[in-house]
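Written out below as structure tokens is the structure these notes cover.
In what follows, chains carry the letters A, B, and so on, assigned in the order in which the sequence lines appear, proteins first and then strands, with residues in each chain numbered from 1. As the structure is a prediction and not an experimental result, all values here were calculated from the model.
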Amino acid sequence: MEVTTTEFKRCDVVKASGRVDSSTAPRLEEALNSIVEAGRYKIVFDMSEVNFMSSKGWWVLIDAQKKCKRYKRGEVVLVNVQENIRESLDLVGMGTYFKMFNDITAAVGSF
Amino acid sequence: METVSFPGRFESLPKVGKFVAKAAKKAGLNDKAIYAVQLAVDEACANIIDHAYGGEGKGEMECTVIPGNEGLTVILRDRGRPFNPQHIPDPQLNVPLEMIKPRGVGVYLMRKMMDEVRYEYSPEGGNILILFKRKKS
């Protein structure tokens, strides 16, 4: 898995590729935490190149969502979630914790 | 039928995933079912490392795949302490964000993803988890 972060005026875009599982989720966690620790709470997570995500990955996202939404200071939104991932996310009811977009411009524009 | 033993480390997870995906394809499962098998096996292996072994590098995870006419059977064996996923209660879902807790989601997902989940434990053999995914006709 690769993770990149790009800082924009309105928000930060985090993009990962490949598998997010118990072995790689800590790297995603690190990327999200460093944004939150810098006092930035509006995050777009671009999942267009993520082809697998286990529950460990979702916990990282849920944890970041809790931190960002606190005091209504921001939130994590998801872009281009692949169908298989989205179905498993919905199956455990976690899909409801995130706004999802089909293109990055709309996601960035939501802030 | 084929059996491969993987080190009980998180870096083994993609390799286990590839191994079961190949067998699922051979068994004639569709893409959605192949993803379901990969996800269920990934959650099961993460639980073996976290709960049966209590950490990485403590033992092996043995994975057997049996492609059949009806679908795919995956058998996971470890030598760790007893961990019966059937004893893990369903997580509380559809609760407010602040209240959601990680416990039990992986096991719940594994049950939902597969058509059958069976568990056995023997003091000599450790944990045995048998997963079955039916082929859509």
Side-chain angles (χ1 to χ4, degrees), chain A residues 1-2 16-30 41 43 47 49-78 81-100, chain B residues 6-18 20-21 29-51 53 55-57 61 85 88 90-114:
Chain A
M1 185 198 71
E2 300 287 320
S17 60
R19 284 173 61 95
V20 184
D21 58 19
S22 292
S23 121
T24 56
R27 296 217 302 275
L28 176 63
E29 189 171 24
E30 218 171 277
Y41 308 102
I43 301 174
M47 292 181 67
E49 285 171 26
V50 174
N51 53 29
F52 181 90
M53 190 175 246
S54 75
S55 62
K56 183 74 191 191
W58 303 340
W59 286 108
V60 167
L61 293 178
I62 293 271
D63 195 46
Q65 185 70 304
K66 285 182 182 173
K67 287 178 189 156
C68 289
K69 279 201 161 180
R70 200 169 293 155
Y71 316 119
K72 296 191 183 342
R73 58 194 177 185
E75 76 176 294
V76 177
V77 302
L78 310 180
V81 184
Q82 293 186 14
E83 201 187 330
N84 286 328
I85 297 177
R86 188 170 183 151
E87 278 174 15
S88 53
L89 195 61
D90 286 340
L91 193 68
V92 288
M94 287 193 187
T96 56
Y97 300 119
F98 300 95
K99 278 187 199 151
M100 297 192 202
Chain B
F6 298 90
R9 314 191 68 90
F10 294 127
E11 66 189 25
S12 297
L13 296 178
K15 292 172 198 135
V16 184
K18 259 189 199 150
V20 295
L29 268 58
N30 63 25
D31 285 351
K32 206 168 146 174
I34 295 172
Y35 186 86
V37 170
Q38 280 186 286
L39 184 54
V41 169
D42 192 279
E43 299 291 348
C45 289
N47 278 337
I48 290 174
I49 298 167
D50 281 332
H51 302 297
Y53 287 130
E56 289 189 281
M61 306 182 288
I88 306 294
D90 280 352
Q92 270 206 302
L93 304 169
N94 303 314
V95 294
L97 179 70
E98 319 75 70
M99 288 171 63
I100 185 162
K101 297 208 173 66
R103 193 175 154 78
V105 171
V107 169
Y108 178 78
L109 199 60
M110 189 175 79
R111 282 194 213 117
K112 287 279 186 186
M113 287 285 154
M114 303 305 284

Given that the side chain runs from C-beta out, which part of [X] has a heavy atom under 4.5 Å from chain A: side chain, backbone, both or neither?
| X | answer |
| --- | --- |
| Pro96(B) | backbone |
| Gln38(B) | both |
| Glu98(B) | backbone |
| Asp42(B) | side chain |
| Ile49(B) | neither |

Exercise for review: Identify which of Lys66(A), Glu87(A), Arg70(A) forms the greatest number of heavy-atom pairs closer than 4.5 Å to chain B.
Suggested key: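 The option with the most such pairs is Lys66(A).
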
Using non-hydrogen atoms and a 4.5 Å limit, figure out which bit of [X] sits close to chain B: side chain, backbone, both or neither.
| X | result |
| --- | --- |
| Tyr97(A) | side chain |
| Asn51(A) | backbone |
| Glu83(A) | neither |

Exercise for review: Count the heavy atoms belonging to other residues, nucleotides or ligands that lie under 6.0 Å from NZ of Lys101(B), then report whether that count exceeds 12.
Suggested key: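 Open: at most 12 neighbouring heavy atoms sit under 6.0 Å from NZ of Lys101(B).
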
Can you see which heavy atom on [X] is nearest to which on [Y], and at what distance?
| X | Y | answer |
| --- | --- | --- |
| Lys67(A) | Arg73(A) | O-NH2, 2.8 Å |
| Asp21(A) | Ser54(A) | CA-OG, 3.5 Å |
| Val76(A) | Cys68(A) | CG2-SG, 4.0 Å |

Practice item. Name the member of Lys32(B), Glu56(B), Arg9(B), Lys112(B) that forms the most heavy-atom pairs with chain A at distances under 4.5 Å. Key: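 Highest number of pairs under 4.5 Å: Lys32(B).
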
Point to revise | Selection from Asp31(B), Leu13(B), Asp50(B), Val95(B) maximising heavy-atom pairs under 4.5 Å formed with chain A | key: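 It is Leu13(B).
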
Check your understanding: Given side chains that start at C-beta, do those of Trp58(A) and Met53(A) come closer than 4.5 Å, heavy atoms only?
Key ->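 A side-chain contact exists here, since the closest heavy-atom pair is under 4.5 Å.
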
**Study point:** pair Met94(A)-Val105(B): side-chain heavy atoms closer than 4.5 Å
**Key:**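 Heavy-atom side-chain distance check passes, below 4.5 Å.
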
**Study point:** Donor-acceptor contact below 3.5 Å, side chain Thr24(A) vs main chain Arg19(A)
**Key:**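 It does hold such a pair.
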
Exercise for review: Decide, yes or no, whether a salt bridge links Asp90(B) with Arg111(B) under the criterion of side-chain N to carboxylate O below 4.0 Å.
Suggested key: yes

